[in-house]
Each structure stands twice: as structure tokens, then as C-alpha cells.
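Because the structure is predicted, anything quoted here is derived from the model rather than measured.
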Amino acid sequence: MRIWTGLVVVLLVMSVGCARQAEPPVAEEPAATAQWQAIAPEQMTDTQKAQHERCLAAVNSLASEMMGELTAALDSGGPAEGIAVCQGKAPQVAAQVAEEYDLAIGRTSFALRNVSNTAPMWAQDLVTERIGEPVYLAGPAGELGALLPIRLKAECQMCHGPAEQIADEVKAAIAENYPEDRATGFAAGDLRGWFWVEVPAGATEIEM
């Protein structure tokens, strides 16, 4: 089954940066980081293509699961409830997806809501440069890394828009759950952050 990367990228814009990751990325040595090389999908080997498919399937699963949780919270309690649920549920969902697809996965941004969501070492320069297109990198031990951009949807401005436009109850929920928040001041269409995925060497094509 063909997975449309653009679809999964827009599905989770309401919660990017909101969740604590199950496990922060492990820091790598600078020398190892330099060995990650950008690679275009059309240049991938058969093994890398299998890793690529696994990567997109995992992002699609994470986006779908989190959007379901977030939508239910917004319907029942509004944006403030959505922030609390996002914080509590997202690490569980990310851990489940990581285990199911045998990879590492998370979200990051140059303006984090949760300081635990820092990018893996191999992706940090790309985050600093605010790369707006999907990027794939081949790792030194056969890994495949992916950084997939997320752009803000208009309805996400209720939690990520200009501070003066965010409701007081939402501000209070953000302050309570994310005291170091930097994730406001965005407009619809802005680059908000990225999904990052690291697929280990030897990953085989998954059944779709």
C-alpha cells in the first residue's frame, strides 16, 4: 500500500512538541554524526527502500493514534483538555509504535513545547537550518534516518498562535504542563516542527 507522506505530516500538527517522548534520543559522538549522509528516495537500495516504507508506516500509525486521542479530548473538554491528554497519552502511543515497528520515533521543533523533545544528534543541524522538505539520511551502521516537516493548520492556532490570541484557560494549561514552552507565535502554514524516525539496519519490508 502506498503511503502518502504529505497526509501523515498534516495529521499531527495539533500536538507536535506537546508530548513527552518515552525515551529521549541518546547523544552520539560528533564523529559518528558526520557519517550520516543525505540520500534521495530514488537513490535508495532495496534495503533502504524497505526501511523507508517502515518509516512512513510508523509515522502514519503515530499520527492516526494521536489524532484520535486529541480529537476525543478536544470534543470532551476543549483545548485545555487536549493539552493535558496530549502530555499523558503521547509517550504511550510513541512507545507502542516504536515497539510495533522496531524503530525509534518522535517529534521535534526549533521552538519546543516540551524540552524533552530534542532532535537526535544526526538531525540537529537540519532542525537548526529549519529544513522545510522531507530529508532522509543513511547512517554509519546501516540505519536510515528521516526528518519529515509538519506545518501548522489554522485550527492549531488555538494552542500555538500568537500569545495574545490564545484563550486564558489554554495559557493556564500550557503553563501548568509546559513551564518552558516556546511553541507559540505561529500562523497557519508555518513550519512547526518535524517527525523524526530512525530505522535500524536489517529492517525488512512490512506487510501492509
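Looking at every heavy atom in both residues, Leu144 comes nearest to His52 through CD2-N, 3.6 Å. What you find for Cys159 and Ile174 is that their closest heavy atoms are O-CD1, 3.8 Å. Summarising the geometry of Gly161 relative to Thr184, their closest heavy-atom pair is O-CB, 3.4 Å, with the distance given to 0.1 Å. Taking both residues in full, the closest heavy atoms of Val115 and Thr118 are given as O-CG2, 3.4 Å, listed atom of the first, atom of the second, then distance. Across Cys55 and Val199, no two heavy atoms sit closer than the pair CB-CG2, 3.9 Å. In terms of heavy-atom proximity, Trp36 sits nearest to Pro140 at NE1-CD, 3.5 Å.
For the pair Asn177 (side chain) and Ala173 (backbone), a donor-acceptor distance under 3.5 Å is present. With Ser61 contributing its side chain and Ala57 its backbone, the two residues share no donor-acceptor pair below 3.5 Å.
Listed by first then second residue, pairs satisfying salt bridge (Lys or Arg N to Asp or Glu O under 4.0 Å) with a partner in residues 176-188 read Arg113-Asp181, not counting sequence neighbours. Residue pairs meeting the salt bridge (Lys or Arg N to Asp or Glu O under 4.0 Å) criterion with at least one member in residues 61-77: none, sequence neighbours excluded.
Counting heavy atoms from C-beta outward, Glu143 and Pro200 have side chains that stay 4.5 Å or more apart. For the pair Leu137/Leu147, no side-chain contact is recorded, criterion being any heavy-atom separation below 4.5 Å from C-beta on. You'll find the side chain of Leu56 reaches within 4.5 Å of the side chain of Leu148, heavy atoms only. Considering only heavy atoms from C-beta on, Phe195 stays 4.5 Å or farther from Asn60 through its side chain. Looking at heavy atoms from C-beta onward, Met121 lies in side-chain contact with Gln124 at the 4.5 angstrom threshold.
Applying the side-chain contact (heavy atoms from CB on, under 4.5 Å) test to Ala73 and every residue at least two apart in sequence or in another chain returns Glu81, Val85. Take Gln43 and apply the side-chain contact (heavy atoms from CB on, under 4.5 Å) test, not counting sequence neighbours, and it matches Ile39, Ala40. A search for side-chain contact (heavy atoms from CB on, under 4.5 Å) contacts involving Ala104 returns Trp196, Glu198, not counting sequence neighbours. Evaluation of the side-chain contact (heavy atoms from CB on, under 4.5 Å) rule for Leu191 yields Phe110, Arg130, Pro149, Arg151, Trp194 as partners, not counting sequence neighbours.
Going from atom CD1 of Ile83 over to atom CE of Met158 covers 10.0 Å, rounded to the nearest 0.5 Å. Rounding to the nearest 0.5 Å places CG of Leu74 at 10.0 Å from CD of Glu155. Between the CZ atom in Arg192 and the CD1 atom in Ile150 there is a gap of 8.5 Å [rounded to 0.5 Å]. Distance check: Asn117 CG to Ser109 OG gives 9.5 Å after rounding to the nearest 0.5 Å. Between atom CD of residue Gln92 and atom CE of residue Met66 there is a gap of 10.0 Å, rounded to the nearest 0.5 Å. Atom-to-atom distance recorded for Lys153:NZ and His160:NE2 is 13.0 Å, nearest 0.5 angstrom.
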Side-chain donor-acceptor pairs of residues 164-172 under 3.5 Å, sequence neighbours excluded:
unit_1	atom_1	unit_2	atom_2	d
Lys171	NZ	Ala163	O	3.0

Legend entry - Derivation of the side-chain contact (heavy atoms from CB on, under 4.5 Å) call for Tyr136 and Met44: CA-CA 10 Å; Tyr136 300 96; Met44 292 179 182; 3.8 Å; yes
Inset, instruction - Starting from the C-alpha separation in whole Å, work towards a yes-or-no answer on side-chain contact (heavy atoms from CB on, under 4.5 Å) for Gln157 and Phe186. - result: CA-CA 7 Å; Gln157 291 180 283; Phe186 291 90; over 6 Å; no
